[in-house]
Amino acid sequence: MEVDEPVYDPQALQAKWLPRWEELNSFAAVEDPADTRPRKYMLDMFPYPSGDLHMGHGEVFAIGDVIARYWFQKGDNVLHPIGWDSFGLPAENAAIKRNAHPAEWTYANIETQATSFKRYGVSFDWSRRLHTSDPEYYRWNQWLFNRFFERGLAYRKGGLVNWCPQDQTVLANEQVVDGRCERCGAEIVRRELTQWYLKITDYADRLIDDMAQLEGGWPDRVLTMQRNWIGRSAGADVQFRIEGRDEPVTVYTTRPDTLYGATFFVVAADADLAEEIVSPEQREALEVYRAEVAKLSDIERLSTEKEKTGVFLGIHAINPVNGERIPVWAADYVLSDYGHGAIMAVPAHDQRDLDFARRFGLPVKVVVETGLDDPAETGVATTGEGRMVNSGPLDGLSKAEAIAAIIGILAERGTGRPAVNFRLRDWLISRQRFWGTPIPIIHCPDCGEVPVPDEQLPVTLPDLRGAALQPRGVSPLAGATEWVNVACPKCGGPAQRDTDTMDTFVDSSWYFLRYCDPHYTDGPFDVEKVRKWGPIDQYIGGSEHAVLHLLYTRFFTKVLHDMGMVDFTEPFARLLNQGQVINQGKAMSKTLGNGVDLGQQIDAYGVDAVRLTMLFAGPPEDDIDWADMSPAASQKFLARAFRVMTEAGAASAPGADVSAGDQELRRVTHRTIDEVTKLVEGYRFNVAIARMMELTSAARKAIDGGPGAADPAVREAAEILAVMLSLVTPYVAEEGWERLGHAPSVAKAGWPQADPALLVQESVTAVVQVAGKVRDRLEVAPDISEADLRALAIASDKVRPYLDGEPRKVIVRAPKLVNIVP
RNA sequence: GCCCCCGUAGCCCAAUGGCAGAGGCAAGCCCCUUAAAAGGGCUGCGUUGUGGGUUCGAGUCCCACCGGGGGCACCA
């Protein structure tokens, strides 16, 4: 079919314009320092190349593209890059299955996705493309690791870690959700391993405090999740003496005011301290208990229904304020890696302690008078406010007063001080898998951990494939003996490379900086260019990264800030979490068989109709149930818009005097410009599209039953429609623009400005209510005074029957409403 | 259990505290057509989830509850 025919053929438009756009290269960001236009940085979370693009990509990139294209139309200098998060497990699993190298699968998928992105018409600057699995990229992961290492922010330690038996690797805490692997859903087990960590806990305070910058720009939900995850709490450290031990033991508590109510003391069962202080008589009981606890999975251990367990350690602690002897127990409800791994138990005012006390018959002592029933009787701890009782000098004080007072007393005696604790743990980055960045450390029997010198980076991956990648509990790199055995960079003696690779979240923690110059060779990114582009004006991605990628990236940004490499402290000024595309009320999945293929949708309805459907479905953060959507209807609308543009283009030439055009249509057009501008800026794309549909209908009516297709107002409406549609449906917009007699590209035509004179209404309908019920409508001037409108309303024949003399009250909201209370 | 968001027409969704309906789907009708498709047009009486409250006026604000979604949940 000829594209000149007045028939909308989306596939023909795609075939026609895609190659033309490649030549035009309209979306390259401009680095010229003489270019003083406002710079805007728009970024969509980069994709993992797991096959072709899916419906979810279709939505995010449609949303991001509208924003970027709007900025382009406004004349901003826009950076809108694309790349691939191309290290990761699926490639490795595919390689094992096919007896191939992970790179083959990875780069083939990247090409597939790149082709799909181009077809999808996304306004990327393709010259900035990057792949994290390229040595030219991951060498800078290693370079950054070295910087972290120098600053003491990368360290190795032994301890219990999360092990995924399915993926055969350790995971960071953030990657364990409800005791299961965030990737594959397998139940996590605990293992004792020595691993590399990044010291994100050093930044815990700043990660919380800097969220003040993000208020309003980020969804509250994400900020709340990060706040919860970091889990900052304020309280006090209190020292207890343990009988028969010289060193006092410190506990952390958020309720130092309840210190007089401490009736026992609990040490984490797995803490070294438990073993250290247990009496000889109880040692065996402790060992038995520890063995039981070790057998429990996290899921069992964290179950809220689980009854408290524990064992008496045969010794006593001394309460520092009243000298009371309280028994010391070991239990698994106290965690060894939070606070000091030991607590003072105040059963009257802490539910966990109360549960434990009731289970083992320990005393309950009320020290806060709350007016509620005795916790010992009810089994419900009283955690609220109240007056202190049974607490010596604290008696009668409120909670806040008591906390301040007791901290003062403890500080004076040197047995306590204010303290802050965090739930956040350091970020474990070692992975026992192949397809990732090798950790650039050499283990030397004499020199210890020696970083690979910067000039020797990158440490590239050895050529392993197929069965050599089979997970066996240690990194596949350990099997590459030639690669592993190297000379120590320090002493030259025989040494071995670290065989783990980095968590791929390291790759994505700074990629947005590299886009400013992805081929830069003097560092991970060009500091000067980042100064000009950063931070990102708008970031878009799924809420599944609320505490993973987004937390890590914020951490990296702060470290880079401290290194003097970036001048901002938060990477993303604004964040949008798009909804998911689901089908028939459920997430699409292979097992449910309810998957919808993006490519097939595009083949059936065209790119424009699919993009339009994604954006018209509802607010961008809402889920889209594809079963409720009609891409066919979107296509129908586009055909309608296409005809309007075609007919207007055929009937007139560009450059006519618009002021002579049909005033009624011109008013609609300019009101549409005004509204769509505001709606797009507020990211209310579904409503903006509804306005474009109205404009299309108005133009249609003007052609059919009004001034006709040749009227300059029809041309004006069609041209503005083309420009506005270019944000959403670039192909039909481009074709329409051409048919209207303009050279491509409509993407750079410039955003229209509404003529204020055409926004003024000649008359307004004022509603007259009597006691809230509409009784009359009056056509009045928009600038009518309140007094005039009031007089008109009261004089109305339709209103008078409802009035009985002088009204009690008249509310006038000129020019739209009068409410008369009789 | 605690916290947050959402409940508007058969469906997806609009509505600065001011006429409950912008847009779309579905449905029905009309025009065009030999006919159908395509195209053009017309048609919206609904406890705004329920019950209270504030207000001249509540879909909108407040309280309680119901339903759906999300987050947190032995971190002392």
Side-chain angles (χ1 to χ4, degrees), chain A residues 7-8 178 219-233 235-236 251-256 258 266 268 301-304 306 308 331-335 337-346 349-353 355-356 421-425 543 546-547 577 579 585 612-613 616-619 621-634 636-637 639-640 643 675 679 684 686-697 700-701 703-705 765-777 807-813 816-822:
Chain A
V7 172
Y8 175 56
D178 293 332
D220 288 339
R221 234 162 27 94
V222 176
L223 296 178
T224 304
M225 284 167 74
Q226 293 216 358
R227 232 173 248 123
N228 285 339
W229 185 260
I230 298 164
R232 179 162 68 184
S233 77
V251 300
Y252 171 72
T253 175
T254 53
R255 295 293 304 275
T258 62
V266 189
R301 204 172 57 77
L302 294 176
S303 163
T304 43
K306 185 184 155 265
K308 292 272 179 293
D332 67 345
Y333 84 93
V334 173
L335 308 176
D337 60 350
Y338 182 81
H340 305 280
I343 63 157
M344 66 178 209
V346 184
H349 308 297
D350 182 290
Q351 191 60 47
R352 298 155 298 186
D353 296 342
D355 292 343
F356 193 85
N421 258 294
F422 297 91
R423 186 182 175 278
L424 182 72
R425 307 292 199 271
S543 56
V547 285
N577 280 150
L612 181 72
T613 305
F616 186 55
E621 46 283 313
D622 285 9
D623 285 352
I624 298 172
D625 193 330
W626 202 251
D628 295 332
M629 295 301 123
S630 176
S634 299
K636 210 170 118 185
F637 161 68
R640 196 170 148 84
R643 283 193 300 274
E675 290 184 8
L679 290 164
R684 308 197 50 212
N686 55 326
V687 188
I689 290 164
R691 296 291 167 270
M692 296 180 206
M693 288 173 170
E694 285 178 279
L695 178 60
T696 307
S697 291
R700 178 78 260 156
K701 269 183 193 147
I703 293 170
D704 291 342
T765 307
V767 172
V768 184
Q769 300 176 333
V770 179
K773 288 208 170 74
V774 181
R775 298 303 182 187
D776 197 10
R777 287 162 222 272
R808 278 199 296 135
K809 197 170 178 184
V810 182
I811 293 103
V812 184
R813 293 284 177 274
K816 299 191 75 170
L817 179 128
V818 180
N819 189 15
I820 303 170
V821 186

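Quantities reported herein were computed from a predicted structural model and do not represent experimental measurements. Numbered from 1 within each chain, the chains take letters A, B, ... in sequence-line order. Just so you know, these numbers use all the heavy atoms, side chains as well, and skip hydrogens, waters and symmetry mates.
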Within the structure shown, what part of the strands sits under 4.0 Å from [X] by heavy-atom distance: base, sugar-phosphate, or nothing?
X       : answer
V251(A) : nothing
V774(A) : sugar-phosphate
T253(A) : sugar-phosphate
R425(A) : base
M629(A) : sugar-phosphate

*asked:* If you go through the side-chain atoms of R221(A), does one of them form a donor-acceptor pair with the base of G71(B) closer than 3.5 Å?
replied: no
*asked:* Return whichever of Y252(A) or I811(A) has its heavy-atom-nearest nucleotide of RNA chain B closer to the 5' end.
replied: I811(A)
*Considering heavy-atom distances to RNA chain B, does K308(A) or D622(A) have its closest nucleotide positioned more toward the 5' end?*
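Residue closer to the 5' terminus by nearest nucleotide: D622(A).
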_Could you go through L223(A) and R227(A), starting from their C-alpha distance and side-chain angles, then the distance that decides it, and tell me whether this counts as side chain to side chain contact (heavy atoms under 4.5 Å, CB included)?_
CA-CA 6 Å; L223(A) 296 178; R227(A) 232 173 248 123; 4.2 Å; yes
For [N], which nucleotide in any strand shown is its Watson-Crick or wobble partner with both distances under 3.5 Å?
N      : value
A35(B) : none
C72(B) : G1(B)
A20(B) : none
A26(B) : none
C65(B) : G49(B)

Is there a side-chain contact between [X] and the phosphate of [N], meaning an N or O under 4.0 Å from OP1 or OP2?
X       : N      : answer
R423(A) : A73(B) : yes
K809(A) : C56(B) : yes
R684(A) : C13(B) : no
N686(A) : A14(B) : yes

*Could you work out the separation of A20(B) and C74(B) based on their P atoms and round it to a whole Å?*
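Nearest-Å result for A20(B) against C74(B) at atom P: 50 Å.
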Whole angstrom is fine here: how far is it from [atom1] in [X] over to [atom2] in [N]?
X       : N      : atom1 : atom2 : result
I820(A) : C56(B) : CD1   : C1'   : 11 Å
N577(A) : G70(B) : CG    : P     : 14 Å
Y333(A) : C74(B) : OH    : P     : 14 Å
L817(A) : G17(B) : CG    : P     : 15 Å
D332(A) : C74(B) : CG    : P     : 12 Å
D704(A) : G41(B) : CG    : P     : 7 Å
E675(A) : A22(B) : CD    : C1'   : 9 Å
Q769(A) : A58(B) : CD    : C1'   : 12 Å

*Measure the spacing between OH of Y8(A) and CZ of R643(A) and express it to the nearest 0.5 Å.*
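If I round to the nearest 0.5 Å, the distance is 11.5 Å.
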*If you round to the nearest 0.5 Å, how far is CG of L424(A) from CG of N228(A)?*
12.5 Å
*asked:* Once ring pair (Phe, Tyr, Trp, His ring centres under 6.0 Å) is applied, do any residues pair with Y333(A), and if so which ones, sequence neighbours excluded?
replied: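 Partners of Y333(A) by the ring pair (Phe, Tyr, Trp, His ring centres under 6.0 Å) criterion, ordered by chain and then number, come out as F356(A).
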Any idea which of [options] is nearest the [X] side chain?
X       : options                : result
R691(A) : G39(B), A76(B), A14(B) : A14(B)
K701(A) : G41(B), C56(B), G23(B) : G41(B)
E694(A) : C56(B), G23(B), A76(B) : G23(B)

_Is it the case that the side chain of Q226(A) and the backbone of A546(A) share a donor-acceptor pair, with hydrogens and angles ignored and the cut-off at 3.5 Å?_
yes
_Any side-chain to backbone donor/acceptor pair from N421(A) onto S233(A)? Under 3.5 Å, distance only._
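Not a single qualifying donor-acceptor pair exists.
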_Could you check whether R255(A) pairs with D350(A) (Lys NZ or Arg NE/NH1/NH2 to Asp/Glu carboxylate O, under 4.0 Å)?_
no
_Strictly under 4.0 angstrom, non-hydrogen atoms only: write out the protein contact profile of nucleotides 24-32 of chain B, one letter per nucleotide from the 5' end, B, S or -._
SS-------
*May I have the step-by-step check of side chain to side chain contact (heavy atoms under 4.5 Å, CB included) for I820(A) and R775(A), ending in yes or no?*
CA-CA 10 Å; I820(A) 303 170; R775(A) 298 303 182 187; over 6 Å; no
*Does atom NZ of K816(A) have more than 12 heavy-atom neighbours from other groups under 6.0 Å away?*
no
